[in-house]
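Below: one structure, written as structure tokens.
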Amino acid sequence: MIRAVVIAACIAGGMAATAWAETPAAPVQVEYYQLRLTLPAGGAVKQTLTRTTQTETDGKVVTTRLNAEYLSQISRHPDGFRVVKSRLKNDFRVEGAQTDTDRLELEKVMQAAASISDITYIADVSLTPLRVENWPQLRNRLKAAMRRTGAINAREGDAFDALYGPMTAEMAAEQFLPEDALMAIPHNLGLSLNNPYRLDSLINGPFGGTISARETLTLTAWDEAAGQAEVLYESGPTREALDAYARQIRPTLEQTAARTARVRKKAPVPVGDIRLDIGTTCRYRISLHSGLVSRAECQSVRDIGQGDERRLHRENWVLSETPA
């Protein structure tokens with residue numbers, strides 16, 4: 001996700017904002033606009049979140065809906081800011097689970113997560129989460145909460161440790177604070193109107209390895225009278241990059257299928273077609289007075305198909321942050 005590198009590049013671009021035409025030699029001024037983040041006195045910000053997640057696995061669809069409100073107390077830190085995020089409201093619902101057992105299991109996990117009413121993390125100057133403070137203690141609290149709700153039993157505690165034990169504080173920030181990272185994207189950006197800023201990067205592929213991706217930020221509107229600006233964020237691999245990844249990963253999948261067949265003493269199952277669709281899009285409306293996101297609408301797509309199997313994963317967010 002775009003953060004420090006892009007912001008630095010955008011701001012640097014604003015400092016060197018003269019472009020030269022071939023003829024005549026007169027300079028053409030490119031006007032840059034900076035979305036300065038100005039935190040309220042006392043450093044308190046209220047966040048609202050509506051998240052709808054839809055997962056389809058071989059035709060079976062499960063939809064979860066979360067409505068939540070948070071209060072973040074923000075103070076200075078050598079790396080930027082220290083944020084204490086507390087939950088004010090949490091409403092979680094499951095729709096379309098195939099059985100009552102499926103629904104109950106999902107609800108147990110969310111109950112455990114909801115019992116962790118606060119999380120403290122270190123953020124950069126744009127409020128992008130860098131690392132979770134006291135991550136080992138938070139991990140232990142989460143494990144205890146999952147045991148209380150019945151989301152895991154004593155035997156499954158080993159699986160929890162295997163998943164979360166090696167996780168670093170930086171990885172935990174990415175795992176547990178995705179909405180905070182999304183809302184931080186336009187903070188402090190310097191961009192010219194309707195002039196996209198692009199950055200090439202690598203993302204993890206669903207079958208291992210990496211995929212070439214492109215991230216783009218575009219300032220689409222700047223309205224001084226209304227006191228707001230609009231930014232479009234787009235991220236993900238191109239179709240060419242996804243197709244190249246599918247060709248690259250196919251030999252690995254075929255080798256895995258062959259090994260599995262030998263163990264089971266059966267004929268190898270053909271890998272089949274590999275179909276991928278991955279990307280994230282956000283449309284932001286930003287207050288020019290505070291630099292906070294008055295409204296963001298985001299969608300993430302992660303669809304994976306292999307042969308006759310397919311798994312579709314869609315997330316939609318409506319986010320906002322206001323001085324508290």
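When hydrophobic clusters are built by joining Ile, Leu, Val, Met, Phe, Trp and Tyr residues whose side-chain heavy atoms come closer than 4.5 Å, directly or via intermediates, V83 is grouped together with I119. By the criterion of side-chain heavy atoms lying less than 4.5 angstrom apart, applied directly or through intervening Ile, Leu, Val, Met, Phe, Trp or Tyr residues, L138 is grouped together with I152 in one hydrophobic cluster. Note: the hydrophobic cluster containing V94 does not contain L312 (ILVMFWY, side chain heavy atoms under 4.5 Å, direct or indirect links). Cluster annotation: I185 is connected to W222 through the hydrophobic network of ILVMFWY side chains, with a link wherever side-chain heavy atoms come within less than 4.5 Å. There is no path of hydrophobic side-chain contacts, each under 4.5 Å, that joins Y70 to L88.
A distance of 4.0 Å separates CD in E315 from OG1 in T53, rounded to the nearest 0.5 Å. A distance of 14.5 Å separates NE2 of H187 from CZ of R36, quoted to the nearest 0.5 Å. Expressed to the nearest 0.5 Å, how far NE2 of H77 lies from CG of L130 amounts to 9.0 Å. A distance of 5.0 Å separates CG of L232 from CZ of R283, quoted to the nearest 0.5 Å. Here N195 contributes atom CG and L193 contributes atom CG; the two are 9.0 Å apart, rounded to the nearest 0.5 Å. Going from atom CZ of R295 over to atom OG1 of T322 covers 13.5 Å, rounded to the nearest 0.5 Å.
Side-chain atoms of S72 do not come within 3.5 Å of backbone N or O of K85 as any donor-acceptor pair. Checking side-chain atoms of D58 against main-chain N and O of R310 turns up a donor-acceptor pair under 3.5 Å. For the pair N134 (side chain) and Q137 (backbone), a donor-acceptor distance under 3.5 Å is absent. The backbone N or O of T220 sits nowhere less than 3.5 Å from a side-chain atom of T218 that would complete a donor-acceptor pair. Although no hydrogens or angles enter the test, the distance criterion places no donor-acceptor pair under 3.5 Å between the side chain of D91 and the main chain of A68. When atom types are taken as modelled, the side chain of T57 and the backbone of K60 share no donor-acceptor pair closer than 3.5 angstrom.
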Exercise. Begin from the C-alpha positions of E215 and T280 and carry the test side chain to side chain contact (heavy atoms under 4.5 Å, CB included) through to its verdict.
Key: CA-CA 9 Å; E215 296 174 293; T280 300; over 6 Å; no

Exercise. Apply salt bridge (Lys or Arg N to Asp or Glu O under 4.0 Å) to the pair R214 and E234, showing each step before the final yes or no.
Key: CA-CA 8 Å; R214 169 166 286 183; E234 299 171 291; over 6 Å; no

Quiz item: For N316 and E297, what are the C-alpha separation, side-chain angles and deciding distance, and is it a side chain to side chain donor-acceptor pair (under 3.5 Å)?
Solution: CA-CA 7 Å; N316 290 275; E297 297 181 6; over 6 Å; no

Quiz prompt | Residue pair D243, R247: steps toward the salt bridge (Lys or Arg N to Asp or Glu O under 4.0 Å) verdict | solution = CA-CA 6 Å; D243 291 343; R247 290 192 298 271; 5.4 Å; no

Exercise. Test D303 against R314 for salt bridge (Lys or Arg N to Asp or Glu O under 4.0 Å), laying out the working first.
Key: CA-CA 8 Å; D303 296 347; R314 309 289 175 90; 2.5 Å; yes

Exercise. Report the C-alpha separation of T210 and N204 in whole Å, then their side-chain angles, then the decisive distance to 0.1 Å, and conclude whether the side chain to side chain contact (heavy atoms under 4.5 Å, CB included) test is met.
Key: CA-CA 5 Å; T210 58; N204 292 327; 4.3 Å; yes

Quiz item: Run the side chain to side chain contact (heavy atoms under 4.5 Å, CB included) check on V45 and I74 step by step: do they pass?
Solution: CA-CA 8 Å; V45 174; I74 304 168; 3.9 Å; yes

Quiz item: Does the side chain to side chain contact (heavy atoms under 4.5 Å, CB included) test come out yes or no for L219 and Y33, once each step is laid out?
Solution: CA-CA 9 Å; L219 178 66; Y33 301 86; 3.7 Å; yes

Exercise. Report the C-alpha separation of K46 and E321 in whole Å, then their side-chain angles, then the decisive distance to 0.1 Å, and conclude whether the salt bridge (Lys or Arg N to Asp or Glu O under 4.0 Å) test is met.
Key: CA-CA 5 Å; K46 183 179 179 181; E321 52 185 0; over 6 Å; no

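In this view, R82 and E133 satisfy the side chain to side chain donor-acceptor pair (under 3.5 Å) rule, not counting sequence neighbours. Evaluation of the side chain to side chain donor-acceptor pair (under 3.5 Å) rule for R259 yields T256 as partners, not counting sequence neighbours.
Contact of the Q228 side chain with the I286 side chain is not registered, since no non-hydrogen atoms from C-beta on lie closer than 4.5 Å. Looking at heavy atoms from C-beta onward, L217 lies in side-chain contact with L189 at the 4.5 angstrom threshold. Looking only at side-chain heavy atoms (C-beta outward), T63 and R65 come within less than 4.5 Å of each other. The shortest side-chain heavy-atom distance between Y197 and T216 does not fall under the 4.5 Å cut-off. You'll find the side chain of M183 stays beyond 4.5 Å of the side chain of L292, heavy atoms only. Within the 4.5 Å cutoff, no side-chain heavy atoms of N188 are placed close to those of L35. Taking 4.5 Å as the limit, some side-chain heavy atom of S212 sits within range of a side-chain heavy atom of L202. With a 4.5 Å cut-off on side-chain heavy atoms, R93 and T64 do not count as touching.
Screening N90, T50, T52 for a side-chain hydrogen bond (donor to acceptor under 3.5 Å, both in side chains) involving N67 leaves a single residue, T50.
Other cluster members for L276: I203, F207, I211, L242, Y245, I249, L253, V271, I274, I278, I304, joined by side-chain heavy-atom distances under 4.5 Å among Ile, Leu, Val, Met, Phe, Trp and Tyr.
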Throw together a table of side-chain donor-acceptor distances under 3.5 angstrom for residues 172-179, partners on residues two or more places apart or in other chains.
{"unit_1": "E179", "atom_1": "OE2", "unit_2": "R51", "atom_2": "NH1", "d": "2.8"}
{"unit_1": "E179", "atom_1": "OE2", "unit_2": "W317", "atom_2": "NE1", "d": "2.8"}

Using distance only, find each side-chain donor-acceptor pair of residues 159-167 under 3.5 Å and give its atom names and separation, not counting sequence neighbours.
{"unit_1": "D161", "atom_1": "OD1", "unit_2": "K143", "atom_2": "NZ", "d": "3.0"}
{"unit_1": "D161", "atom_1": "OD2", "unit_2": "K143", "atom_2": "NZ", "d": "2.9"}

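Around CZ of R239, the count of heavy atoms belonging to other residues, nucleotides or ligands within 6.0 Å exceeds 12. Within a 6.0 Å radius of CZ in R275, other residues, nucleotides and ligands contribute more than 12 heavy atoms.
The two atoms that bring S126 and D124 nearest to each other are N-OD1, 2.9 Å, heavy atoms only. Considering all non-hydrogen atoms of both residues, L288 and A229 come closest at CD2-CB, 3.8 Å.
Contact check on D277 versus R302 returns no salt bridge, with no Lys/Arg side-chain nitrogen under 4.0 Å from an Asp/Glu carboxylate oxygen.
Residue pairs satisfying the disulfide bond (SG atoms under 2.5 Å apart) criterion with at least one member in residues 205-286, sequence neighbours excluded, are listed as follows: C282-C298.
Neither side chain, S287 nor S294, offers a donor N or O lying under 3.5 Å from an acceptor on the other.
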